[in-house]
Each structure stands twice: as structure tokens, then as C-alpha cells.
Amino acid sequence: MSHRISLTQYLIEQQRGPAQLPSQLRLLIEVVARACKTIAISVNKGALGDVLGTAGSENVQGEVQKKLDIIANEVLIEANEWGGHLAAMASEEMDDIHVVPNRYPQGEYLLLFDPLDGSSNIDVNVSIGTIFSVLKHSDGHAVSTSSFLQPGTAQVAAGYCVYGPQSTLVLTVGQGVVMFTLDREQGSWVLTQDKLQIPEDTKEFAINMSNMRHWAPPVKRYIDECLAGKEGVRGKDFNMRWVASMVADVHRILTRGGIFMYPWDQREPNKPGKLRLMYEANPMSFLVEQAGGASTNGLQRIMDMQPTQLHERVSVVLGSKNEVERVTAYHREAQ
Ligand code: AHM
Ligand code: MG
């Protein structure tokens, strides 16, 4: 049997290699991966575990919370608060940050997550996931919300777990992107792909087409050109995919290329977009860039944006480099 590399072995190699991954960060990633395993078990049980349906509450963004949103949030907090590697956590499902309680030692990292991304797919048995981002708390002050307001370029690690036909953990510590698959019998994450690379060109786009009438002209121009196919200016036919779980759409792009967009639109003109900068767009942008892709808000690189609020929203265009650059150029021309 060929030698299988576990997540633990991969991280220890990163500790010894040029990345010199700090041991506290290794612990943090292992704890997050363990929490994702617990969430994967709940997701798999579905109705048998009484985890489907709504919880009867709303989150800070006014969205109805599903039972699994809350379960996943609790699993991540409980798993991470006692290990001594974190100063605080922030989540899509919590209004304010969760500071590590005094009874535990405080570490030097900050963890942000969307505990259960793609909530509208939970009850219909379609792929969902967990997205996470890790920052360093190094300002010497007591941890507060402002400690989290760092640009995406400050991330020291990011990843997601997609709960689909397989449970897959995709990770970057700034040394490329690696993929692990959960071996359910062994209960371990096994390295199944190293050095993921997104092709620079693609013939596949992902966008919620039902919002077309609300889009800004540059987005409409790009999609119109894709839809025109071989006979149009692009001279090739395009295919469309939309899972409505960002984790699943980004996973497809990391696997075979493509472009994903959730742009600003006129439904709520005062909001920059639907997706959240700090625990959705930034970690996905870090992964995509590490795999040779690009990620912008239509005008600027997402990871360069200085956040002003924990739950800030952003317009997202990410994936195959040449397509992202084209969409970004269309936005610049329209300015
Ligand atoms: P969530 O974090 O509450 O699940 O919302 C984010 C999700 C993304 O995963 C996905 O890309 C998008 O919302 C789907 O939106 P829509 O319902 O407009 O298709
Ligand atoms: Mg989400």
C-alpha cells in the first residue's frame, strides 16, 4: 500500500520546512480540522440526528439561522477555546467576537469562520461547508473587534471543509494549496492532492442568473459575452454552474477552473455585495491566489482591502486569472 500522508504529518513537515509553521498554528489547524470532522458527522446524520430545519432565531445579518448553523458554530467554539492557541474568535453566526474565557490561557491567534456556508442547501442534501481564516493578534493590546480588522494579506492560514459526497479539507498556510479527504473508517484527514493549480483560462462561469436584471453594466457585459458563445466576441461556448454554496463553487474552481461571481447589485444598492469579507471572501481569496488564480471586488484585489467592520460585505469576482482580469478591466473601463 502506498504511504498515506495525514494532516498531522503534513503540518509537522511544514513546521520543519521553509514555512517554519509555528506549533501554536499547527495546533489551531488540527483543532479546526477535528471540529470539521464533528460537523461532517452531524451533516451526514441529517434527519436521523435531528439537525435539519430552522432554529427559530436570526443572526446579526438578519438571516434565519438553521439548526446546523448553530450546531457548527458551537462545535467550533468549544473545540477551539481551551487549547491556548487563540485570543478570540469571530463568526458569521455571532454579533460580537468571542474572547477566550479567563479560565483558559490566551494564545496569539485570531480565528474567523463561517461555520456552515450554503445554509439554504442544508435541508435539501446538497453540498455545504465550513470556511475559516486565521490572523495574528500581535498589537500587544487587549483583544477587541478592532484586532480583527486586518486586510486579507495578513492571513497566516485559511481553508474550508466541504461536506459533499466526500468530506474534503482544503488548506493554505501560504505555501500553495493542499487537499485532504476524510477517511471515515480511520477518522483521519488524508492528503489527496498537493499543489492545486487553477487553470488561467476557463469556459465555465458561476453566478446567480436570477439577479441579472439588477447587475451593474460591466457584469452584464461579461455574462452577455459568455452567453453569446462561439458566435460572439469570445468565440467559444461557455457552461454555467451555480451550487449556491460558495464552498462547493470554489471547490469546483480549485479542481478544474472557472470564475465565480457574487457582485454588487441594485437589490440593495447600499450593500457592497452579499458575501462577507472577513470570513468568506478573504479566506477564499487567499486559497485562490495561492493556487494561481485571482480575486477582486471588480476594481481592486480583495486581500488588499482594509476592513472597517467585522461583518462587512464585499462584491466578489474570483477564479481563473484571465477571466477575473477581464471582468476587472470591464469595471475599470466603466468608471
Ligand atoms: P450563507 O453563508 O448564509 O450560507 O450565505 C452565503 C451563500 C454562499 O455560499 C452562496 O454563494 C450564496 O450565499 C448563494 O446565494 P443565493 O441564494 O443568492 O444563490
Ligand atoms: Mg456563508
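As the structure lists them, so they are numbered: ligands from 1, and atoms in each ligand from 1. All values reported here derive from a predicted model rather than from experimental measurement.
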**OP:** Look at ligand 1 and say whether G118 reaches it with a heavy atom at a distance under 4.0 Å.
**Re:**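 Yes, G118 has a heavy atom closer than 4.0 Å to ligand 1.
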Original post:
Looking only at heavy atoms of L275, does any of them come nearer than 4.0 Å to an atom of ligand 1?
Top reply: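 The answer is yes, since L275 has a heavy atom less than 4.0 Å from ligand 1.
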Ligand 1 contact on [X] by region, counting heavy-atom pairs under 4.0 Å:
X	result
Y279	neither
D117	both
N211	neither
D114	side chain

Does a side chain donor of either [X] or [Y] reach within less than 3.5 Å of an acceptor in the other side chain?
X	Y	result
T308	E312	yes
N44	R184	yes
T328	T296	yes
Y163	T130	yes
E30	T8	yes
Q175	Q14	no

Original post:
Heavy atoms, side chains only, cut-off 4.5 Å: are E74 and I77 in contact?
Top reply: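 Counting from C-beta outward, E74 and I77 never come under 4.5 Å.
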Subject >> Salt bridge flag under 4.0 Å for residues R256 and E204 >> reply: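 Salt bridge between R256 and E204, a charged N being under 4.0 Å from a carboxylate O: yes.
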Original post:
Are E333 and R221 within salt-bridge range, i.e. N to O under 4.0 Å?
Top reply: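 Between R221 and E333 there is a salt bridge, with a charged N closer than 4.0 Å to a carboxylate O.
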**OP:** Less than 2.8 Å from the Mg ion (ligand 2) is the window; count the protein N, O or S atoms in it.
**Re:**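 That number is 3, waters not included.
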Shortest protein contact, [atom] (heavy atom only):
atom	value
atom 8 (C) of ligand 1	M246 N, 3.5 Å
atom 16 (P) of ligand 1	N208 ND2, 3.6 Å
atom 18 (O) of ligand 1	Y262 OH, 2.6 Å
atom 13 (O) of ligand 1	K274 NZ, 3.0 Å

Subject >> Centroid-centroid under 6.0 Å between F260 and W242 rings >> reply: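 Aromatic pair counts; centres sit under 6.0 Å.
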Go through ligand 1 atom by atom and flag the ones less than 4.0 Å from a non-hydrogen atom of [X].
X	value
S245	9 (O)
E280	2 (O), 6 (C)
R276	1 (P), 2 (O), 3 (O), 5 (O), 6 (C)
E63	3 (O)

Subject >> Close N or O approach (E92, ligand 1; < 3.5 Å) >> reply: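 Yes, since at least one N or O of E92 sits under 3.5 Å from an N or O of ligand 1.
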Original post:
Which of these passes side-chain hydrogen bond (donor to acceptor under 3.5 Å, both in side chains) with N80: H98, R34, H85?
Top reply: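 The passing option is H85.
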**OP:** Decide salt bridge (charged side-chain N to carboxylate O under 4.0 Å, His left out) for K67 and D50; before the verdict, give the C-alpha distance in whole Å, the side-chain angles of both, and the deciding distance to 0.1 Å.
**Re:** CA-CA 9 Å; K67 282 186 196 165; D50 192 25; 3.2 Å; yes
Original post:
Taking only residues at least two apart or on different chains, which pairs with a member in residues 271-290 satisfy ring-ring contact (aromatic ring centres under 6.0 Å, His included)?
Top reply: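 Sorted pair list: Y279-H311.
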